[in-house]
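The chains referred to below are lettered A, B, ... by the order of the sequence lines, with proteins before strands, and numbering in each begins at 1. Just so it is clear, the values below take in all heavy atoms, side chains as well, and ignore hydrogens, waters and symmetry mates.
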Amino acid sequence: MSTEQLKITLPNGDVLQMPLGTTSGEVAAHIGPGLAKAALAAVVNGETVGLMEPIVEDAEIRILTDRDSDALPVLRHSAAHILATSVRELRPEAAIGFGPAIDDGFYYDFEVDEPFTPEDLEAFERKMIDVAAADQMFERRQVSKSEARDLFSDDPLKLERLEEFEDDEVITVYANGPFLDLCKGPHIKSTGGLKYFKLTSAAGAYWRGDEKRQMLQRIYGTAFHRKNDLEEHLHRLEEAKRRDHRRLGRELGLFQFHPVSPGAPFWTPRGTILYNTLEQFVRTRQREDFLEVRTPLMYTKELWEQSGHWGKYRENMFLVLDNESGEHNMSLKPMNCPSHHLYYASETHSYRELPLRFVTLDVLHRNELSGALSGLTRVRQFAQDDCHVYLREDQIAEEVQFLTDFILGHYAAFGLESRVKFATRPEQRIGSDEQWDHAEAELRQALESTGCEYDVEEGDGAFYGPKIDFHVTDSIGRSWQLGTIQLDYSAPERFGLEYVGSDNKPHRPVIIHRAVCGSFERFIAILIEHYAGAFPTWLAPEQVRVMSVGQDWDESAHQLVEVLVKAGIRATLQSRETLGYRIREAELHKIPYMAVVGEREALDSTVAVRERGKGKKQEVMSRDSFVSLLKEKISTRSLT
RNA sequence: GCUCUGAUAGCUCAGUGGUAGAGCGCGUCCUUGGUAAGGACGAGGUCGCGGGUUCAAACCCCGCUCAGAGCUCCA
């Protein structure tokens, strides 16, 4: 029997002739011994596969080494198996669930009687080192479903998964040493390929993510090809901890929480300045093109029935008892939309008036699950910079362009980099396919016309319409979803909204939901972490800390404070303790400017200015120059 | 909400079935300072709340509250 030849195309365009059934590992070896050694996996016709898998058709092939980010999930998935191998060795009674690679690493779920302790994790980690040292091969096998049933007869969770396959389906299993898993792979060659890894945490997780099913114990870990990458990753985690807004919020005295109102922040005087400054910034930017309205915080259920919230969102609403009827037939508002719709409907509108943009910064309440609350990023009471635009269909493109510029401009003011995502129809939705086709086309075209780059997220739209989501990346590379532009054809129907067209006939407007900050609370949390608490001058709760060298110069220092305050600058005097102590205190509180007054400065009306984080490098300037410098920084909202 | 972990001074945390500890912060006094901690003394705690076990509970057990991690990634 003559061997059939395969055409193997390499990334550089070279074509190799290899026999049918050649493995990608053999291809790598054919290219060179260096590559064979470095090879971890391969991409064959777009699919990531292990090196031992035979190639059965002509293929474009790319060998993955530790330089390819595509190779990381393979390593991490193998790390998950090595973890399970170790857990099975130390805790043989543990039933194995799933163990995939995830964005930052991997996890594996186990069903055990006793949850894992930190000591268990350490023991598993040590055992993983042994397993890696044993250099067990990852062997891929294909079996029938009934064979698989025998192989996994002791693994109830695997058996459950197995039953979801067709009876004649070929099942792939992977074995390394004593450990066998139902797994499509691919994996690295052998356990020895795992060198730089760490188990990070353990927590409960529902079997198959279903809260009605049993709780398994999940172990999280991460793994990298290179030591440097692991160290960088761990360093990033440390850095995130250092910048945690909950910690900085306490240290800098910005906000507090109290058990008597879970999920609702208390803003301190400093935090309130920060909040108000942000709010004022938002108001200033919206003064010309938006109409701010204040609306009630509480509504009867009739409104929520009309908006659809009573049916779909009631679990998240704080219902209020009406003493007269004895019923919970009112609710604090979780969103502003219905009140804006009501206001729109209260007058007859001409097509000439549109677009109309109503903005409300009121307090909203949403009853989030207690376990979901977290600092300022997930709260029960917050305020959105919430806007609803009422417009004609022919205005959509122009409006989306306007709003997109507006939103991106907001993030740029804080030095936040942004990314745009276009989210299309979700599975659960209202409205006909024709409506969706139309809405998506409109929105996409509008987005195209802005010229900004965007990713498409299929199925991620709101149930009433497609949307554009705005994500920002903070200074340590974490991504946050903030702003949104959502097209809504449904609410105008529900609320019977109309405008009078040039034909003197009623027409239905379209609504765009728009938020920029998301919520002020969350946005402030992001700012705190982004700046690590060192706010630019215009945002800093205290902008200048004035200190005298000694009490003899207190009077002079006090005069400087008065000049600064009169100029609208947030300045305070600190004259106790030694100068060194006060400098340290001001640095730790991340106050942008320290202004020192001593004999020299008092005599010629100057001030010695020290900038936060710049150490001893100081500049002596006239008091007028200092005031001008500060005014310039503040009015331009300088980020430096 | 569910699983696990935790809750001790304003903050960060140590600690033990038998009298409550440190550092920082705070107060008073001394020091009168030139750019990241001057010194002395002192005040401050129903050890989260409620029950139980015990001669004795802040410590052991149960419940509650609040907080933290996780509960989307699918052989």
Side-chain angles (χ1 to χ4, degrees), chain A residues 73 76-77 80-81 96-109 112 114-118 143 145 148 152 155 157-165 169-174 180-185 200-220 244 246-247 250-251 253 256-263 315 367-375 545 547-554 575-589 594-601 608-618 620:
Chain A
R76 289 169 172 177
H77 188 186
H81 278 226
I96 49 176
F98 293 149
I102 53 176
D103 283 350
D104 279 336
F106 62 90
Y107 69 76
Y108 212 110
D109 286 342
V112 282
E114 289 292 311
F116 300 123
T117 63
V143 297
K145 186 166 165 181
F152 293 101
D155 290 306
L157 302 177
K158 291 292 176 188
L159 285 178
E160 180 183 329
R161 172 66 186 117
L162 201 52
E163 287 317 309
E164 292 167 16
F165 290 98
E169 214 166 328
V170 176
I171 312 284
T172 311
V173 301
Y174 270 86
L180 184 72
D181 202 351
L182 182 67
C183 169
K184 76 174 169 215
T200 47
S201 62
Y206 298 106
W207 170 230
R208 315 210 77 167
D210 183 347
E211 60 186 68
K212 294 187 182 65
R213 305 295 301 267
Q214 73 269 39
M215 180 75 70
L216 307 182
Q217 291 300 314
R218 174 170 298 179
I219 297 177
Y220 284 93
D244 190 317
R246 292 168 298 192
R247 170 199 175 118
R250 195 184 323 102
E251 286 176 1
Q256 306 169 346
F257 286 91
H258 194 283
V260 295
S261 190
E315 284 190 357
N367 198 354
E368 303 287 351
L369 291 179
S370 59
L373 300 178
S374 178
R545 175 80 50 97
M547 36 197 118
S548 62
V549 170
Q551 276 174 6
D552 290 350
W553 324 111
D554 272 4
S575 56
R576 294 183 56 245
E577 296 292 347
T578 59
L579 186 61
Y581 181 91
R582 285 174 282 162
I583 292 284
R584 175 181 155 82
E585 200 177 34
E587 289 280 2
L588 289 176
H589 284 92
M594 285 149 272
V596 178
V597 176
E599 185 174 14
R600 301 194 291 265
E601 293 78 13
V609 177
R610 172 175 164 141
E611 253 185 276
R612 171 183 63 201
K614 298 273 172 69
K616 285 188 179 171
K617 196 185 109 194
Q618 66 167 1
V620 179

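The same atom, C1', is picked in B:rG15 and in B:rU19; the two are 15 Å apart, to the nearest Å. Across B:rA14 and B:rG6, the matching C1' atoms stand 15 Å from one another, rounded to whole Å. Taking atom C1' in both B:rG25 and B:rG63, the straight-line distance is 36 Å, to the nearest Å. Annotation: B:rA56 and B:rU16 have their C1' atoms spaced 14 Å apart (nearest Å). Comparing B:rU8 with B:rA20, their C1' atoms sit 9 Å apart, to the nearest whole Å. A distance of about 11 Å separates the C1' atoms of B:rC11 and B:rC26, rounded to the whole Å. When the P atom is used for both B:rC30 and B:rU35, the distance is 25 Å, rounded to whole Å. Taking the C1' atom of each, B:rA58 and B:rG52 are spaced 16 Å apart, rounded to whole Å.
The phosphate of B:rU32 has neither OP1 nor OP2 within less than 4.0 Å of any side-chain N or O from A:Arg576. OP1 and OP2 of B:rC4 both lie 4.0 Å or more from every side-chain N or O belonging to A:Tyr220. Phosphate contact (OP1/OP2 of B:rG1, side-chain N/O of A:Ser370, threshold under 4.0 Å): present.
If you check every strand for non-hydrogen atoms under 4.0 Å, A:Ser548 touches nothing. Looking at heavy-atom distances under 4.0 Å, A:Gly105 makes no contact with the nucleic acid at all. Counting non-hydrogen atoms under 4.0 angstrom, A:Glu251 reaches nothing in the nucleic acid. Contacts of A:Ile171 with the nucleic acid, taken as non-hydrogen atoms under 4.0 Å apart, include base atoms. Across all strands, A:Ala148 comes closer than 4.0 Å to no nucleic acid atom at all (heavy-atom distances). A:Arg208 comes within 4.0 angstrom of a base, heavy atoms only. Within the 4.0 angstrom heavy-atom criterion, base atoms lie near A:Gly598.
The distance from atom CD1 of A:Ile219 to atom C1' of B:rC71 is 16 Å, rounded to the nearest whole Å. Across the protein-nucleic acid pair, A:Phe98 atom CZ and B:rC71 atom C1' stand 15 Å apart, rounded to whole Å. Atom pair A:Leu373:CG and B:rG70:C1' shows a separation of 15 Å (rounding to whole Å applied). Separating the NE2 atom of A:His589 from the P atom of B:rC11 is a distance of 14 Å, rounded to the nearest angstrom. Between the CZ atom of A:Arg582 and the C1' atom of B:rU31 there is a distance of 13 Å, rounded to whole Å. Between the CZ atom of A:Arg213 and the C1' atom of B:rU3 there is a distance of 16 Å, given to the nearest Å. Atom CZ in A:Phe257 sits about 19 Å away from atom P in B:rU65, given to the nearest Å. In this structure, CG of A:Leu216 is placed 18 Å from P of B:rC2, rounded to the nearest angstrom.
Here the closest non-hydrogen pair linking A:Met215 and A:Ala205 is SD-N, 3.1 Å. Scanning all heavy atoms of the two residues, the minimum distance from A:Gly375 to A:Phe257 falls at O-CZ, 3.3 Å.
Here A:Arg246 pairs with A:Asp244 in a salt bridge; the nearest charged N to carboxylate O distance falls below 4.0 Å. A salt bridge does not link A:Arg584 to A:Glu577: none of the charged nitrogens lies less than 4.0 Å from a carboxylate oxygen.
Under the side-chain contact (heavy atoms from CB on, under 4.5 Å) rule, A:Arg582 has a single partner from A:Met594, A:Arg576, A:Met547, which is A:Met547. Among the candidates A:Leu216, A:Ile96, A:Ile219, the single residue satisfying the side-chain contact (heavy atoms from CB on, under 4.5 Å) test with A:Tyr108 is A:Ile96. None of A:Arg612, A:Lys616, A:Arg610 except one satisfies the salt bridge (charged side-chain N to carboxylate O under 4.0 Å, His left out) rule with A:Glu587; the exception is A:Arg610.
Shown here are the ring pair (Phe, Tyr, Trp, His ring centres under 6.0 Å) partners of A:Trp207, two or more places apart in sequence or in another chain: A:Phe98.
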Per-nucleotide protein contact string for nucleotides 35-48 of chain B (B base, S sugar-phosphate only, - none; heavy atom under 4.0 Å): BBBB----------
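B:rU28: Watson-Crick or G-U partner is B:rA40, with both key distances under 3.5 Å. Under the Watson-Crick and G-U wobble criteria, each requiring two contacts below 3.5 Å, nucleotide B:rG33 is left unpaired. Pair assignment for B:rG21 gives B:rC13, based on Watson-Crick or G-U wobble hydrogen-bonding distances that are each under 3.5 Å. Base pairing analysis places B:rC71 opposite B:rG1; the two distances defining the Watson-Crick or G-U wobble pair are each below 3.5 Å. If you check B:rA7 for Watson-Crick or wobble pairing at under 3.5 angstrom, you find it paired to B:rU65. Checking B:rG45 for Watson-Crick or G-U wobble geometry (two distances, each under 3.5 Å) identifies no partner in any strand. Nucleotide B:rC59: unpaired (no Watson-Crick or G-U wobble partner with both distances less than 3.5 Å). Pairing for B:rU54 is absent, with no Watson-Crick or G-U wobble pair whose two atom distances lie under 3.5 Å.
The residue among A:Glu169 and A:Phe116 whose nearest nucleotide of RNA chain B is located toward the 5' end is A:Phe116.
Of the listed nucleotides (B:rG34, B:rC74, B:rC4), B:rC4 has the atom at the smallest distance from the side chain of A:Pro115. Residue A:Pro259 places its side chain closer to B:rC66 than to any other of B:rC66, B:rA69, B:rC4. For A:Arg246, the listed nucleotide lying nearest its side chain is B:rG68; candidates were B:rC11, B:rG34, B:rG68.
Atom CD of A:Glu163 has more than 12 heavy atoms from other residues, nucleotides or ligands within 6.0 Å.
Counting heavy atoms from C-beta outward, A:Ile102 and A:Tyr220 have side chains that approach closer than 4.5 Å.
Residue-to-nucleotide contacts include a donor-acceptor pair under 3.5 Å from the side chain of A:Tyr206 to the base of B:rG1.
Geometrically, A:Arg76 does not engage A:Phe106 in a cation-pi contact defined by less than 6.0 Å to the ring centre and at most 45° from the axis.
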